[in-house]
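Everything on this sheet refers to the single structure shown next.
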Number of protein chains: 2
Amino acid sequence: MNYNQFKHCGLNVTLTMLSGKWKPIILYHLFHNAEMRFTELWRIIPKVAKKVLLDHLKQMEADGLIIREEKQGFPPEVSYRVSEKGKALGPALSALETWANEYAADEVAEFKKTTVGKLRQHLS
Amino acid sequence: MNYNQFKHCGLNVTLTMLSGKWKPIILYHLFHNAEMRFTELWRIIPKVAKKVLLDHLKQMEADGLIIREEKQGFPPEVSYRVSEKGKALGPALSALETWANEYAADEVAEFKKTTVGKLRQHLS
DNA sequence: CAGTATCCGACCGGATACTG
DNA sequence: CAGTATCCGGTCGGATACTG
């Protein structure tokens, strides 16, 4: 048996890169906005601690999913955007989303009631 | 607005269902074997604690990804297989795997050196 | 504005022993 | 064979305060 043929390795790598409580919503916003300031992301995402958001962004940058751009000057101005590598992941993420809505609609509804409810509250 | 349009709610739900250190390799084997006994899985997966494997299988069953079937008698005989819901996730998982091999080949190679290396050791 | 520095509790993977 | 029952250590998300 040739173990180099194992097909779960890449899957494991990808899931590891995506694991992190706020990464899906970060990716969602970056996919829809082309470029966002740090505070912009921080205000939009409900109840996330600054440190945690920074941790996630650092990981995603280290994994090459997003690109961090810093303009010199004061006050600091940092923006994040999706890399080509990240964009290439879009269809796969879309497939995961579609599957959930089709086969796990209840859990999705539950998720919306909790997290998205908090989001509205946060923005008002 | 014509980007890769995924919302993050379903994505979050799906990733939560897939989060677990050994779930990718469990799914891999169940996808390729149609039906497996518990010990069969346990022997194949390197260095996983019985309790952890059971935890993962219980979660996956609760999420409806796999089906647990128990035949009465002694000694116990329990087998696991992928549900229709789980099978429907196959293409999306495949897309994640493909992306990793194309855009994160280094990490995949590294993963093989560690985990698959342990597998050989475990089987010998 | 965009970070760092601490500190903390909860959860998760894991080791080990026991059971019907 | 296929589980339970404990206990443990590390990591992760999070709250709070401080800084260039």
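Below, chain A is the first sequence line, B the second, and so on; all start at residue 1.
Out of C:dC1, D:dT4, D:dC1, the shortest distance to the side chain of B:L54 is found at D:dT4. Closest approach to the A:P76 side chain among C:dA15, C:dG20, C:dA2 is made by C:dA2 (side chain taken as heavy atoms from C-beta onward). The side chain of A:K21 approaches D:dG13 more closely than any other nucleotide in the set D:dG13, C:dG3, C:dG14.
Contact of A:K51 with D:dG14 (side chain to base): a donor-acceptor pair of N or O atoms is detected under 3.5 Å.
The residue among A:D55 and A:F74 whose nearest nucleotide of DNA chain D lies closer to the 5′ end is A:D55.
Here C:dG13 presents its P atom at 10 Å from CD1 of B:I26, a figure rounded to the nearest Å. In this structure, CD of A:E77 is placed 11 Å from P of C:dC1, rounded to the nearest angstrom. Atom NZ of A:K58 is separated from atom P of C:dT4 by 4 Å (rounded to the nearest Å). Between the CZ atom of A:R43 and the P atom of C:dA2 there is a distance of 10 Å, given to the nearest Å.
Look at B:H56 and you'll find a side-chain N or O under 4.0 angstrom from OP1 or OP2 of C:dG13. Within the structure, a side-chain polar atom (N or O) of A:R68 is placed less than 4.0 Å from OP1 or OP2 of C:dG3. Here B:R37 does not reach the OP1 or OP2 of D:dC1: none of its side-chain N or O atoms lies under 4.0 Å away. Between B:W22 and the phosphate of C:dG14, there is a side-chain N or O to OP1/OP2 separation shorter than 4.0 Å.
When all heavy atoms are compared, the tightest approach of B:F31 to B:V82 is N-CG2, 3.9 Å. Annotation for B:Y80 and B:L30: closest pair O-CD2, 3.6 Å, computed over non-hydrogen atoms.
Within the 4.0 angstrom heavy-atom criterion, base atoms lie near B:V52. A:K71 comes within 4.0 angstrom of no nucleic acid atom, judged by non-hydrogen atoms across all strands.
Between A:F38 and A:W42, the two ring planes are parallel [angle under 30°; tilted spans 30° to 60°]. Classification of the A:H8-B:H29 ring pair by plane angle, with boundaries at 30° and 60°, yields tilted.
No hydrogens or angles considered: nothing links the side chains of B:D55 and B:Q59 as a donor-acceptor pair under 3.5 Å.
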